[in-house]
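The structure under discussion appears below in the form of structure tokens.
The sequence lines fix the lettering, A, B, ..., with proteins before strands; numbering per chain opens at 1.
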There are 2 protein chains.
Amino acid sequence: MSDLAAALDVVGSRWALLIVERLLDGPQRYSDLQRDLGMGTNMLATRLRELEAAGVLRRLPLRHNTRAYALTDRGRALRDAIEALGRWAAEQNVAAHTRDETPREPG
Amino acid sequence: MSDLAAALDVVGSRWALLIVERLLDGPQRYSDLQRDLGMGTNMLATRLRELEAAGVLRRLPLRHNTRAYALTDRGRALRDAIEALGRWAAEQNVAAHTRDETPREPG
DNA sequence: CGTCATACTTCCAAAATGAAAGTACTGCCG
DNA sequence: CGGCAGTACTTTCATTTTGGAAGTATGACG
């Protein structure tokens, strides 16, 4: 399995990278993540469990029934990849305005 | 929608980035992609259609019933993101190995 | 005891994914 | 000409993942 396939095995599922991106701004609580990302609570719980098991984030107990989710070093190391993907999407918009790359049919 | 979400909308589905990674080595034929990636032919056809529609790759007619798939400029621009993800996964392995080996100062 | 707030779990439908078989086109052999 | 083989898909159907909505668990507060 290539490195890329290994990475996608961990953060390739839906919402995973978006959760990590949110946590790059600092620890967040469950309900805040759910509201900010606009995702279902069942999916969020599943992803948080997977990402914690993968060592990307960890739970921080705050108060009695409140906790925060914070990135580990491994999670923070995803910043480069997340920013690269974000730059790519931003470039697409720019390219659509400045350049037309329509392939030509040979016939 | 954030830049990251926009990027994942295009290349966030299963196999999409793996296909692009393979094409970074140069144009490939359908059957070669299928064999090298080990993915089903229905999924490959679906992904290639989507990625072509998104302007990430294009079809190059070769022979009578043979064609190649090649990255566009937009597709090649994904190299940074793909390499960043690959480096992240590789770092994970290094960390797992160095945990019970003699720690050495890097460079 | 009941109410509120937070963090989930459960249930079920819809969509995506995957394996296997089938289709369409065309060059080649006889 | 007809059948066989190679390439690029499509179709069918089962499995897995995702998503929406409602339900559960826990503990502070009164």
Side-chain angles (χ1 to χ4, degrees), chain A residues 1-2 4-23 26-54 56-71 75 103 105-107, chain B residues 1-2 4-23 26-54 56-71 75:
Chain A
M1 184 156 67
S2 72
L4 177 60
L8 294 179
D9 239 38
V10 177
V11 293
S13 55
R14 204 165 186 125
W15 297 108
L17 278 183
L18 291 167
I19 291 170
V20 174
E21 183 191 32
R22 216 57 176 156
L23 295 182
Q28 307 283 331
R29 291 182 313 161
Y30 188 94
S31 51
D32 291 335
L33 282 172
Q34 194 197 336
R35 193 170 343 94
D36 291 349
L37 295 174
M39 64 185 294
T41 173
N42 51 351
M43 277 292 98
L44 179 56
T46 301
R47 288 291 165 271
L48 290 175
R49 222 182 297 127
E50 292 167 354
L51 290 172
E52 186 185 21
V56 171
L57 55 82
R58 65 200 163 109
R59 288 171 159 83
L60 296 179
L62 291 187
R63 302 251 159 235
H64 65 288
N65 50 358
T66 304
R67 61 200 68 167
Y69 291 88
L71 292 181
E105 290 290 328
Chain B
M1 183 157 69
S2 72
L4 177 60
L8 294 178
D9 238 39
V10 177
V11 293
S13 54
R14 213 173 198 111
W15 297 109
L17 277 183
L18 291 167
I19 291 170
V20 174
E21 182 192 35
R22 202 82 192 88
L23 294 182
Q28 308 282 331
R29 291 181 315 163
Y30 187 95
S31 50
D32 291 335
L33 282 173
Q34 196 198 335
R35 189 168 359 86
D36 292 348
L37 296 174
M39 63 186 293
T41 172
N42 50 350
M43 278 291 97
L44 180 56
T46 300
R47 288 291 165 272
L48 291 175
R49 222 181 296 126
E50 292 167 354
L51 291 172
E52 187 185 21
V56 171
L57 54 81
R58 63 198 166 116
R59 289 170 159 83
L60 297 179
L62 291 187
R63 302 240 160 239
H64 64 290
N65 48 359
T66 303
R67 64 198 66 169
Y69 291 87
L71 293 180

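- Across all strands shown, A/Arg63 has no heavy atoms under 4.0 Å from either base or sugar-phosphate atoms.
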Could you pull out all donor-acceptor pairs under 3.5 Å where a side-chain atom in residues 31-40 of chain A meets a protein atom, sequence neighbours excluded?
unit_1	atom_1	unit_2	atom_2	d
A/Asp32	OD1	A/Arg35	NH2	3.3
A/Asp32	OD2	A/Arg29	NE	3.3

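- A/Arg63 meets the side chain to side chain contact (heavy atoms under 4.5 Å, CB included) test with A/Thr66; sequence neighbours excluded.
- Residue pairs meeting the salt bridge (Lys or Arg N to Asp or Glu O under 4.0 Å) criterion with at least one member in residues 9-21 of chain B: none, sequence neighbours excluded.
- D/dT26 atom C1' lies 15 Å from atom OH of A/Tyr30, rounded to whole Å.
- With rounding to whole Å, B/Leu44 atom CG is found 10 Å from D/dA8 atom P.
- Note: CG (B/Leu8) to P (D/dT17) measures 19 Å, nearest angstrom.
- Rounded to an integer number of Å, the gap from A/Leu18 CG to D/dG19 P is 11 Å.
- The interatomic distance linking A/Leu33 (CG) with C/dA7 (P) rounds to 9 Å, in whole Å.
- Following rounding to the nearest Å, A/Arg35 (CZ) and D/dG20 (P) show an atom-to-atom distance of 17 Å.
- Not counting sequence neighbours, the partners of B/Arg59 by the salt bridge (charged side-chain N to carboxylate O under 4.0 Å, His left out) test are B/Glu52.
- With hydrogens and angles ignored, the 3.5 Å screen pairs no side-chain donor or acceptor of A/Ser13 with any backbone N or O of A/Ala16.
- Here B/Thr41 pairs with B/Tyr30 under the side chain to side chain donor-acceptor pair (under 3.5 Å) rule; sequence neighbours left out.
- Proximity of B/Arg49 to the phosphate of D/dT10: a side-chain N or O atom is located under 4.0 Å from OP1 or OP2.
- Residue B/Ser31 places at least one side-chain N or O closer than 4.0 Å to OP1 or OP2 of D/dA8.
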What is the per-nucleotide protein-contact pattern of nucleotides 15-25 of chain C, from the 5' end, where B denotes a base atom under 4.0 Å from a protein heavy atom, S denotes such proximity for sugar-phosphate atoms only, and - denotes neither?
--SBBBB---B
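- Distance, A/Arg67 CZ to D/dA25 C1': 11 Å, rounded to whole Å.
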